[in-house]
Each structure stands twice: as structure tokens, then as C-alpha cells.
Amino acid sequence: MTVEQLSQMLREKLTSSFGKSLEDATTKEMFQSICLTMKESINANWRMTQETYDENESKQVYYFSMEFLLGRLIESNLLNMGLLDLYKDTLTSLGFDPEEVFREEHDAGLGNGGLGRLAACFLDSLASLQLPGYGMGIRYKYGLFQQKVVNGYQVELPDNWLKDEYMWETKRGDKAIEVRFGGTVETTMENGHLHFHHQDYERVLAVPYDVPIVGYDNNTVNTLRLWSAESTTNSFHFHSSRGHDYYHYLDYKRSIEKISEFLYPDDSYYEGKILRLKQQYFLVSAGLQSILQRFKKRNKPLAQLSEHVVVQINDTHPSLVVPELMRLLIDEEKLGWDEAWAITEKTVAYTNHTTLSEALEKWPEEMIKTLFPRLYLIIHEINERFCKMLWYDYPKLREKISEMAIISYEHVHMSHLAMVGSFSINGVAKLHTNILKDRVMKPFYTVFPERFNNKTNGITHRRWLLNVNPELANVISEAIGTNWIRTPNELTKLLPFAEDASFQQAIAKVKHDNKLKLASFIKRHYDITIDDHSIVDVHIKRLHGYKRQLLNLFHVIHLYNRCIEDPYLELTPRTFIFGAKAAPGYFFAKQVIKLINAVAEKINHHPQVSKKIKVVFLENYSVSLAERIIPAADLSEQISTASKEASGTGNMKLMMNGALTIGTLDGANVEIRELVGDENIFTFGLTSDEVFRYQQAGEYRARDYYNNDRRLRNVMDLLVNQHFSDDDVEFKDIFYSLLYNNDEYFVLRDFDNYTEAQNNVQETYQQQSDWLQKSIINIAYSGNFSSDRTIQEYAEEIWQIKPTKIGNLIIN
Ligand code: 26V
């Protein structure tokens, strides 16, 4: 297609859909017209892909996740369709700014952070590798809250992402499914068999909205199925004799629609949040029923289910798949327990994404019993059988049974349920998987050693390099050709260029241009002028104690103190960028946001210090904002308390864009170091083993570090002497959490090491050629962190699924 042909198509679309001429069209109408033209060709391949899977009876993976953090799809879809340049050129020739048009798409922010974004990267890789894969999620009416910063404080606003039509989804009303909540279970004996009758339940209609997932240059279009909760008039009992039925019906309708109304933030506790648990079951039940319906069309015995279907659960949130699949097989399909269990155990696989004890899900037994009475009976039975098995087969573990049980202390432990009911249990980085095996899940590893495996996370290099940093992608392709796009490991072909002066200059130019763009964005939105030659030091992720934004900030305050003490101090200018949302109920995290903003205010307005340092807190951190920041970054802050960050994926995105990492030996940082070598990463601080040792011995004394390190004292005292706030209690909680609650995340312990590593950063940066060499080496090894590598490992080692080629459709 030529620019002229596409222009003509778009003109026609504007007329047929909006009754507008090109001249009158708004950018929104232009955006929508583009999507409509794209959907015509996507839809054809979409149908063909699904038909091919059915005809070939391909085995499919269903990725069940409560979160899919897609961001925008327009650019990645165009890239994958091979149409990005054509559309950009056409828009420009029609007098539109492509970026402005693309920005009409509202981010689909259906996730909190890494876990949700991982799911989105996986979908892209599955389609791009021609693998039969489905996403199963919830179509929340509101995504993760929109963050505003008012007076330095985080304020949460609803994220009304569906307020304009969502252009990529297709409602499939004909595929709606009934999900049942509450009620009672009656048992009867028929022909010597127990039968369970679920009665008086509440009926909820699950309506699927399908989003096409376009593969890279290969005709594959997979599906992300997002379920929405709706009510039907026929699921409500109208009593014509009563006058208020209509109002009761409206109440009822509201109560049902609430199920898919909003995404819960990763708050301190879900416990007691009935709606969150209802959401989990809603996803699980609708998803599994639709899978079974499709499977039955293949006319195969249910015993073969696991040869056609694998269900991967993204953390424990969907672990009710275990009892729900049992229920469907036993109650609906009339299989016996053993047969049903054999199928379930072979079909479900579980990924763990955290070892933080406060994040391991457990639900009060009573809640499960009330909401899902039949599932409760099944979970109870699974638990009984599991505990008996432990008792008889693992006498050495007898004293561990209460610790391992699925139901204990009036709670249902979701990770235990997931582990007992699945054939694969994986962690998301080598270190994390080892911590699961050796510590957190040790007794389970003793019982099911063959189930445990590692799958180090990845990111899609198509979005995180080709889409967000096309200039860098071009420089790379000019040096080594374009094979790396399909085979990202070929980025290592850049290694011989690491010391090449002209290649270094090309890389430096791209970075500088990207910094100029970010600087202009920051100027526009925050009226802060940043030095485009400064070190762009980036800390972007959810706000959490263990991620230690506070440690970063202490270093910033320390630099501020040094500048004030010595006005002639030579510092390489730095721009510290933070982006983070705090869970609305997480008080400490919100205090840290306020502190970052207070420090920024002070530093950015200080006549001398502001010449050397700037601090910027970018509001409403999201996929789209990450896409602006990452290409401009020099330094990637990955400074979690060792052992606490399961993997991290921001570390991979930043590395791929040429940033060097300052980080602890945690999560995937360990694997980054393994690849690039110790001299191409700035590591510091306690190791995970040292953290565990401290915790076991209980001999860490945060106060000693405060008492013995003058620099640290000078930093911390500023929090409580009204230096950053007129309010004298404002930052006391942070101060006390460190000194009186003994600094759970070892901020004080690692401060000295971190400061030293930061000094190394500055020295290295001053040797520009050394820095660029390291940057190139990082890019060169980043191909290992493409989610294509990760998905290939899942496909071969867990899912046993194979690529299915989708034929070439001839469109006239
Ligand atoms: C949840 C909660 C809920 C209760 C309070 C504290 C808390 C803290 C963290 C979480 C998140 C748990 C799951 C999660 O998002 N894990 C992230 O998964 C990413 C993808 O595997 C991984 O890169 C991150 O390291 C990991 O934190």
C-alpha cells in the first residue's frame, strides 16, 4: 500500500464513520479511523488463526491473570503488522502529528505493575512466536487509579479508560457464560454415588470482550479474552405483586456489575475484601467453562484434556481453577474424583511472583464457604487427601503438616492449593526460584521436587526497543543488520562495536536526543528545566518499602548536604527521576512520595544546588510514561533489599535501552551481572544470604548506623527538624520506622555501600568512552531478556505447545 492509497482509505473511513471530511476531522476521529482500517485486516487473520488452531487441534495455553497491563496497542499493532512507517508517513502527509494521534488511545491500565506488564509482554511473544495462546482476564471498568500529586501528596482518581469506545475489543454476547455465587449444597445418593446439588445461588452473566493480539509479521492473531459481569432480567425473580421490584432490580444489577468494576491496588491486605475474591472466582469459572465448551467441540474424551489445554496461573490469584475444574469435571461431566484429579493435576501450572509473606494470599475459610459452598467442599477434600498423603508417605514431614495444609487456622492458603493442584511450579528468576526451593516452599519442594522450575522473566523487545526507541534500533541495525529483530540474542553481535569510537558516538547521540525529548516533556508539564547533559538517574516502579526509593532519596539528600557544605564541590550534574504509585492504603509509601516531592521542591529552587542536581517526581507512572522515560535513562535504579524482588522487569527494559544498572544482587539483577560481567554493572549492598542471616540472628541494629555514620545522621535529621516541611510531624513516621522499628528493609545498613557505588557511577560517567562501552555491552546482552526467550522456555519445558503456522490470506 502507498501513502496515497492509505490516505484515500482514511478519507473514506472518516466520511463513512463520522460524516467528516479530512479537513474537519479531530485527532480522535483520525485515531478511530486508523483503528477501523487496521481492524479490517486484523479480523481476517484473527478468524483464520482461530480456525487453524481448531482444525489442527493444536494444544493451547490459557494464561489466567487478574492483570494485563497492556498500555496502548496502536503502535505495537502497527509495528507487528509492518505498517508503522506507512501510517506515520501518511498521517504526516495529511497534516497530522502521528504521536498526537496515537496518544488519543487511552492506556489499558489493567494492572498494578510488573506482574500485569509481564502478562502483556507474554501475549506479544506468544503471538509473535506463532504459539497458540489465550489470555484470560477481567474487563475492569476502571483500571489502576490515576495518580495526581497535590501539594506533594498522592491523590487517587478513577481511571475511566472506557469513557471513549475501546477500539480494539469485540463484544461476544453469544459466548456469555453463567457464573454462580453463594447458595447451598444438597447431597443425595443415587445408584450408590454421591451427588451434589447447588441451589439458591446468585446468577451472574460473564460476557467476554475479545482483544486481538497481533503477532510480529506472521499472520497470527491470538485472543485476550476479558470478562465483564452483567445481569440479565431473567436472572432476577420479579414478583408482580410487589411494587418495588424495579428498584430491587436496579440494586441487584448494580451489585452484579460491581464484580468487574475496578482493579484492586496491591494494598496491604485483600483479606476481608469479598469483592476481590468474587472477582477471582468470576475469572476462573467463566474462563474454565469457556475452555471446556471449546474442547468439547473437538469430540475427544475428557481424559485427554491436558493434551489439548494447559492453564497457566499468574500468581495465586486464579488458584480457584483447581477446585473449579474439579467441580466442572465431577458435577457437570460426571467423572469420578480420581479421574477428575488426574486431569486437573496435569492441566494446571502455577507461577509464583513474590516471597513477601504479607503478599501470600490467604482467605478466611468462612468467606470461601459462603461464596462458593461447593468449591469449599472440594477444597476440603483436596486438603484431607493431601494431609493424609503427607502423614503416610512422608513421616519425616509429620510435624510440618499444619504448616503445609491448604486449610489451617481458619484460612485457605492459596499458594498451597496452587502447588498441590498443579504439575509445574515456577519462580521468575534463578535466585527467586532457589529461595522458593530452599526456604519459602522448602517442604513442598521435598514432596514435589519435579514440579519446581525456573523461568527468568523477559520483556518484549518489540515494544521496549523497536517501538519506544526507533532511533536506537536503527543504529543497531546499521551496525549488525536486522536479524536481531527475530532473534534478539543476536544483539551480542554488537560486542565487537563496544570500543568502536564512531559507534559509541552514534549511541551517545541517540541517548542525547532522547534526553532532549524527555527534557522538553518535563519542561512542558512541570516547568522544571533539566540539564540535557546531566546523568539521567531513573527509579521507576511501584512504591514499596522493599524497593527502597528511600535509599535513593537519602543519597540525593546526602549530595544536597555536600553541595551546601562545599559550594565549590565538583559534581557531574544529575537528574533524579522518580515515578511510582503507592497503594492507597499504604501510609508509609505515601509518606515517601511526599518526601520525594518536598526534597525536589527544596533542591530545584536552591540557587546553587539546582545547578548540579534536579529531582523530578513524574506523576501517574504508567506504561506510556515508562515509554517516554526509559529511552532517555543513563542509570537504572534496581536497589531492592536483596531477596525481596522476585525478578524485576524494569531492569531489563532500561538495560535494553543502554542504561547501566546500579543494583543489589537481587532478582534478575544477578543474571544481568552474570551476562555483562562485574565491570559493567554497579552492584552493592547485602546479599540475600546476608539478609537472611541478619533476620535469623536478629542482630541488626539500625540505630548503630545512625549513631556511627555522620553523613547518615545529617541526612536523617533533616527529616525531623522541619527542613523539608513546616509541619514538624510530617516525616517523623519515616524516621521512626527506621530507628524504632529497626529498618525492616536495611536502608541504613546499605547506605554507605550505595553511596560508594554512586561515586563509582559518577567517576565512570566522566570517562565517557568507558561509559559508552559499558552501555553497548549492556544492550548487546539484553537480548537474553526478550520475553521471546522466556516464552520459548515455557512452551517447551512446561506447556508442550508448538508453533502453528497461519497461512497467508489473500485479500482483494
Ligand atoms: C503484592 C502485595 C500485596 C499485599 C501487600 C504487599 C504486596 C507486595 C507486592 C505484591 C505483588 C506480588 C506479585 C507481583 O507483582 N510480583 C512482581 O512480579 C513481577 C513479574 O514476575 C516481578 O518482576 C517483580 O519482581 C515482582 O514483585
Side-chain angles (χ1 to χ4, degrees), residues 63 65-69 110-123 144 263-273 276 280 312-319 350-363 414-415 418 425-433 435-436 440 454-460 464 540-549 580-590 626 636-655 663-672 688 744-745 785 787 790-791 793-794:
Y63 198 81
S65 176
M66 291 288 284
E67 305 189 10
F68 285 93
L69 192 41
L110 310 183
N112 275 283
L115 170 138
R117 182 55 233 174
L118 185 76
C121 284
F122 280 6
L123 293 180
L144 189 66
L263 165 74
Y264 275 95
D266 270 348
D267 243 308
S268 30
Y269 273 104
Y270 293 130
E271 187 162 359
K273 294 190 176 145
R276 164 83 184 179
Q280 297 184 347
Q312 185 72 42
I313 59 173
N314 200 19
D315 219 298
T316 54
H317 319 143
S319 43
Y350 157 56
T351 306
N352 172 283
H353 294 267
T354 185
T355 56
L356 296 186
S357 53
E358 68 271 32
L360 293 179
E361 277 192 303
K362 53 185 199 303
W363 291 100
M414 303 311 263
S415 67
I425 303 164
N426 78 280
V428 291
K430 286 181 196 166
L431 176 71
H432 168 62
T433 301
I435 292 174
L436 292 179
V440 182
N454 175 247
K455 296 287 167 282
T456 299
N457 280 168
I459 56 167
T460 164
W464 295 107
I540 45 176
K541 47 185 85 256
R542 286 173 303 153
L543 215 137
H544 198 286
Y546 84 80
K547 294 180 187 276
R548 297 202 294 192
Q549 281 91 352
K581 286 180 182 171
Y586 190 177
F587 178 73
F588 172 86
K590 292 178 124 176
S636 162
E637 299 273 354
Q638 308 300 337
I639 61 176
S640 51
T641 310
S643 79
K644 306 265 180 200
E645 189 70 275
S647 159
T649 44
N651 46 2
M652 303 168 184
K653 294 165 197 162
L654 284 152
M655 169 195 194
T664 45
L665 288 175
D666 200 15
N669 298 351
V670 176
E671 285 158 78
I672 294 180
S688 52
E744 190 182 347
Y745 299 108
F785 298 107
S787 44
T790 314
I791 284 297
E793 290 174 7
Y794 274 93

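Whatever order the structure lists them in is the order used to number ligands and atoms, beginning at 1. One-based numbering along the sequence shown.
Under a 4.0 Å heavy-atom criterion, Gly667 is not in contact with ligand 1.
How far CG of Asp266 is from CD of Glu358: 10.5 Å, rounded to the nearest 0.5 Å. In this structure, NE2 in His432 is found 7.5 Å from OG1 in Thr354, a value given to the nearest 0.5 Å.
Results of the side-chain hydrogen bond (donor to acceptor under 3.5 Å, both in side chains) test with Gln638 over Glu645, Arg548, Lys541, Lys547 single out Lys541 as the only residue that passes.
Which of Thr355, Thr649, Leu115 comes nearest to atom 14 (C) of ligand 1 through a heavy atom is settled by distance: it is Leu115. Atom 20 (C) of ligand 1 has its nearest heavy-atom neighbour, among Asn457, Asp666, Asn314, in Asn457. Among His353, Glu361, Arg542, Lys547, the residue whose heavy atom sits closest to atom 9 (C) of ligand 1 is Arg542.
Counting atoms of ligand 1 from 1 in the listed order, those under 4.0 Å from a heavy atom of Asp315 are 13 (C). Against a heavy-atom cut-off of under 4.0 Å, Tyr546 is close to the following atoms of ligand 1: 27 (O). Counting atoms of ligand 1 from 1 in the listed order, those under 4.0 Å from a heavy atom of Ala646 are 25 (O). Close contacts between ligand 1 and Gly648 involve ligand atoms 22 (C), 23 (O), 24 (C), 25 (O) [criterion: under 4.0 Å to a heavy atom]. Heavy-atom contacts of Thr354 reach the following atoms of ligand 1: 12 (C) (cutoff under 4.0 Å). Within ligand 1, counting atoms from 1 as listed, the ones closer than 4.0 Å to a heavy atom of Leu356 are 8 (C).
Considering backbone and side-chain N/O atoms, Asp266 never comes within less than 3.5 Å of an N/O atom of ligand 1. Some N or O of Ser647 is nearer than 3.5 Å to an N or O of ligand 1, by distance alone.
Classified by interplanar angle (parallel below 30°, tilted 30° to 60°, perpendicular above 60°), the ring pair Tyr63/Phe122 is perpendicular.
Using modelled atom types and a 3.5 Å distance limit, the side chains of Asn112 and Glu67 yield a donor-acceptor pair. Side-chain atoms of Thr351 and Asn426 form a donor-acceptor pair, as typed in the model, at a separation below 3.5 Å. Ser640 and Asp666 share a side-chain donor-acceptor pair at under 3.5 Å.
For Asp315 against Pro318, the heavy-atom pair with the smallest separation is O-CD, 3.3 Å.
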